[in-house]
Asker: 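Handing you a structure now.
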Amino acid sequence: MSSSLTNKLITVTGAASGIGLSTARILARRGALLSLADYNKANLTKAHEELASLSSPKNIISTPLDIRSTASVNDWISHTRKHFSRTIDGCANIAGFHPLWAPKNIEEITDEEFDETIQINTVGLFKCLRAQLAPDMLSSPSSIVNVGSVSGLIGFAGDSAYVASKHAAHGLTKAASKEAGKRGIRVNAVAPGQTNTPMVQAMAAGKGTLPLPFLSLGREGQPEEIAEVISWLLGEESSYVTGSIYRADGGMLD
Ligand SMILES: NC(=O)c1ccc[n+]([C@@H]2O[C@H](COP(=O)([O-])OP(=O)(O)OC[C@H]3O[C@@H](n4cnc5c(N)ncnc54)[C@H](O)[C@@H]3O)[C@@H](O)[C@H]2O)c1
């Protein structure tokens with residue numbers, strides 16, 4: 001299927017699972033060139049094989065990496081630029097982490113528990129943005145889409161580390177949009193509500209899910225439904241949208 005994403009070079013973190021994998025599938029079907037990253041090497045290999053069959057093996061490269069590593073993230077972005085001999089047209093920064101603890105109030109959380117969530121969801125995202133916004137990496141125009149959360153818009157008791165990390169992800173999105181706009185680079189975030197991915201399935205298994213507030217649509221989201229919003233923000237169809245936090249939450253906050 002031809003679209004504004006056909007032949008566009010797009011990077012995707014968190015591409016081995018859930019929302020990231022669904023996004024990569026849509027992008028592959030629409031003919032994008034993909035540079036995928038994830039720290040789960042086994043799942044990334046599986047994703048790569050599947051995506052190559054949807055597109056063409058020469059259109060896809062994969063790099064196992066932890067977004068907490070400055071050197072790995074910088075090398076990945078500059079390798080992507082060199083490998084395809086062109087600037088990058090879009091970045092989907094989707095990798096994220098939820099601590100699988102049963103709800104814990106602030107007074108019960110250890111330094112290590114708080115730090116792990118912030119290091120991935122906030123500092124790791126910052127490192128991706130810094131590498132992507134470095135001179136000569138992105139095309140003009142281009143589009144960056146970060147995945148935040150409804151937890152970046154309101155507080156949930158017992159989930160302060162994740163809530164804080166996602167509020168910061170939305171803040172980084174807004175600041176980056178102000179800095180990069182005049183270079184032709186748009187920066188937006190998608191804020192999913194509860195979505196049926198391995199992250200949420202693992203939380204349910206550990207009885208760590210939070211009670212769901214009333215949903216207008218009366219059901220949780222599917223990863224493809226979030227991936228469609230990400231893909232729209234990556235494409236030219238959203239050319240006048242920047243600095244926005246797009247809720248894809250089935251009406252959780254209405
Ligand atoms: N599923 C939901 O209900 C929901 C709701 C709101 C926001 N989100 C956000 O959506 C994004 C995707 O989550 P998902 O539900 O698809 O989860 P998922 O666990 O299925 O996928 C997340 C992927 O990110 C990768 N990852 C995690 N930390 C990484 C790191 N340090 N370096 C590289 N890769 C790393 C994981 O290996 C995994 O493949 C996350 O940012 C998450 O916070 C999810």
Side-chain angles (χ1 to χ4, degrees), residues 11-26 35-48 50-51 62-73 75-77 91-100 115-129 131 145-154 156 159 161-170 172-173 189-206 208-210 212-213 215 219-227 229-230 245-250 252-253:
T11 65
V12 184
T13 68
S17 176
I19 295 167
L21 178 55
S22 289
T23 302
R25 284 189 185 122
I26 290 175
S35 176
L36 312 174
D38 201 290
Y39 71 0
N40 186 324
K41 199 173 172 180
N43 283 351
L44 185 63
T45 303
K46 270 194 254 164
H48 184 113
E50 182 203 325
L51 294 162
S62 298
T63 309
L65 65 84
D66 189 327
I67 59 167
R68 289 170 289 189
S69 161
T70 298
S72 303
V73 169
D75 288 351
W76 169 54
I77 292 298
C91 303
N93 295 320
I94 303 176
F97 170 81
H98 192 287
L100 299 178
D115 198 45
E116 184 174 20
T117 310
I118 297 290
Q119 284 301 323
I120 296 178
N121 294 346
T122 302
V123 183
L125 174 62
F126 158 73
K127 290 178 178 185
C128 291
L129 289 168
V145 182
N146 302 322
V147 172
S149 173
V150 289
S151 299
L153 296 168
I154 60 170
F156 288 96
D159 208 22
Y162 190 74
V163 165
S165 72
K166 291 296 189 178
H167 273 73
H170 292 175
L172 277 168
T173 301
V190 173
Q194 183 161 321
T195 308
N196 180 21
T197 67
M199 176 186 282
V200 162
Q201 289 152 10
M203 285 162 68
T209 40
L210 299 167
L212 268 187
L215 292 181
R219 62 172 177 83
E220 69 183 357
Q222 296 303 321
E224 301 76 26
E225 296 178 295
I226 312 302
V229 182
I230 296 169
I245 312 298
Y246 255 77
R247 282 172 45 206
D249 63 358
M252 185 185 275
L253 304 185

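Note that ligands are numbered from 1 as they come in the structure, with each ligand's atoms numbered from 1 the same way. What you see below is based on every heavy atom in this structure, not just the backbone, and it leaves out hydrogens, waters and symmetry mates.
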Asker: A side-chain contact here means heavy atoms from C-beta on lying under 4.5 Å apart; do Ser17 and Asn40 qualify?
Answerer: no
Asker: Closer than 4.0 Å to some heavy atom of Pro192 - which atoms of ligand 1 meet that?
Answerer: 5 (C), 6 (C), 7 (C)
Asker: Would you mind listing which atoms of ligand 1 come within a distance below 4.0 Å of any non-hydrogen atom of Gly18?
Answerer: 16 (O), 20 (O)
Asker: Which ligand 1 atoms does Ala95 reach within 4.0 Å, using its non-hydrogen atoms?
Answerer: 24 (O), 26 (N), 34 (N), 35 (C), 41 (O)
Asker: Side chain or backbone, does Asp66 bring an N or O within less than 3.5 Å of an N or O on ligand 1?
Answerer: yes
Asker: Can you tell me which portion of Ile120 lies within the under-4.0 Å heavy-atom range of ligand 1? Options are side chain, backbone, both, or neither.
Answerer: side chain
Asker: For the residue pair Pro223 and Leu21, establish whether any side-chain heavy-atom pair is separated by less than 4.5 Å.
Answerer: no
Asker: In terms of residue, atom name and distance, what is the protein heavy atom nearest to atom 40 (C) of ligand 1?
Answerer: Ile94 O, 3.3 Å
Asker: Has ligand 1 got any nitrogen or oxygen that is less than 3.5 angstrom from a nitrogen or oxygen of Asp38?
Answerer: yes
Asker: When you check the side-chain N and O atoms of Thr173 and Asn146, is any donor under 3.5 Å from an acceptor?
Answerer: yes
Asker: Under the side chain to side chain contact (heavy atoms under 4.5 Å, CB included) criterion, do Asp38 and Asn43 qualify, and how do the steps go?
Answerer: CA-CA 8 Å; Asp38 201 290; Asn43 283 351; 5.9 Å; no
Asker: Just how far is it from atom CH2 of Trp76 to atom OG1 of Thr13, taken to the nearest 0.5 Å?
Answerer: 5.5 Å
Asker: So, 4.0 Å and heavy atoms of Pro198: is ligand 1 close enough to count as a contact?
Answerer: yes
Asker: Please evaluate residues Arg68 and Val123 with respect to the criterion side chain to side chain contact (heavy atoms under 4.5 Å, CB included), reporting the C-alpha separation (whole Å), side-chain torsions for both, the decisive distance (0.1 Å), and the verdict.
Answerer: CA-CA 7 Å; Arg68 289 170 289 189; Val123 183; over 6 Å; no
Asker: Between Leu125 and Ile67, is there a side-chain heavy-atom distance shorter than 4.5 Å?
Answerer: no
Asker: Applying side chain to side chain contact (heavy atoms under 4.5 Å, CB included), run through Glu225 and Glu220 and close with a yes or a no.
Answerer: CA-CA 10 Å; Glu225 296 178 295; Glu220 69 183 357; over 6 Å; no
Asker: Enumerate the atoms of ligand 1 whose separation from the nearest heavy atom of Gly148 is less than 4.0 angstrom.
Answerer: 7 (C), 9 (C)
Asker: Determine whether a donor-acceptor pair (N or O, by modelled atom type, separation under 3.5 Å) exists between the side chain of Ser165 and the backbone of Tyr162.
Answerer: yes
Asker: Indicate, as side chain, backbone, both or neither, the part of Thr197 found under 4.0 angstrom from ligand 1 when only non-hydrogen atoms are considered.
Answerer: side chain
Asker: Would Gly20 count as a polar contact of ligand 1, with the cut-off being nitrogen or oxygen pairs under 3.5 Å?
Answerer: no
Asker: Would you call Phe97 and Gln119 a side-chain contact if the rule is heavy atoms closer than 4.5 Å?
Answerer: no
Asker: So, do Thr117 and His98 sit near enough that their side-chain heavy atoms are less than 4.5 Å apart?
Answerer: no
Asker: Which atoms of ligand 1 have any heavy atom of Ser149 under 4.0 Å away?
Answerer: 6 (C), 7 (C)
Asker: How far is atom 17 (O) of ligand 1 from the closest protein heavy atom, and which atom is that?
Answerer: Met199 CB, 3.3 Å
Asker: Taking 4.0 Å as the limit for heavy-atom contacts, which would you say applies to His98 with ligand 1: side chain only, backbone only, both, or neither?
Answerer: neither
Asker: May I ask you to list the atoms of ligand 1 that are less than 4.0 angstrom from any heavy atom of Gln194?
Answerer: 3 (O)
Asker: Does the N or O separation between Val200 and ligand 1 drop below 3.5 Å for any pair?
Answerer: no
Asker: If you have a sec, work out which protein heavy atom is nearest atom 20 (O) of ligand 1 and how many Å separate them, to one decimal?
Answerer: Ser17 OG, 2.6 Å
Asker: Return the residue, atom name and 0.1 Å-rounded distance of the protein heavy atom closest to atom 8 (N) of ligand 1.
Answerer: Tyr162 OH, 3.5 Å
Asker: To check your reading of the model: name the closest protein heavy atom to atom 3 (O) of ligand 1, its residue, and the distance in Å.
Answerer: Thr195 N, 2.8 Å
Asker: Closest by any non-hydrogen atom to atom 27 (C) of ligand 1: pick that one out of Ser69, Gly14, Gly96, Ala42.
Answerer: Gly96
Asker: Taking only non-hydrogen atoms of Glu220, do any sit less than 4.0 angstrom from ligand 1?
Answerer: no
Asker: Got a donor-acceptor contact below 3.5 angstrom from the His170 side chain to the Ser149 backbone?
Answerer: yes
Asker: Do any N or O atoms from the side chain of Lys127 and from the backbone of Ala71 form a donor-acceptor pair under 3.5 angstrom?
Answerer: no
Asker: Measure the distance from atom 10 (O) of ligand 1 to every protein heavy atom, then report the residue, atom name and distance (to 0.1 Å) of the closest one.
Answerer: Val147 CG1, 3.3 Å
Asker: Does at least one non-hydrogen atom of Gly193 fall below 4.0 angstrom from an atom of ligand 1?
Answerer: yes
Asker: Just heavy atoms, cut-off under 4.0 Å: does Leu65 contact ligand 1 by side chain, backbone, both, or neither?
Answerer: backbone
Asker: Backbone or side chain, does any N or O of Ile19 fall under 3.5 Å from an N or O of ligand 1?
Answerer: yes
Asker: Are the side chains of Thr195 and Val200 in contact, using a 4.5 Å heavy-atom criterion?
Answerer: no
Asker: Starting from atom 32 (N) of ligand 1, find the nearest protein heavy-atom neighbour and note its residue, name and distance.
Answerer: Ile67 N, 3.0 Å
Asker: Indicate yes or no: at least one non-hydrogen side-chain atom of Met252 is less than 4.5 angstrom from one of Arg247.
Answerer: no
Asker: For atom 28 (N) of ligand 1, what is the nearest protein heavy atom, given as residue, atom name and distance?
Answerer: Tyr39 CZ, 3.3 Å
Asker: For a 4.5 angstrom cut-off between non-hydrogen side-chain atoms, does Tyr246 reach Val145?
Answerer: no
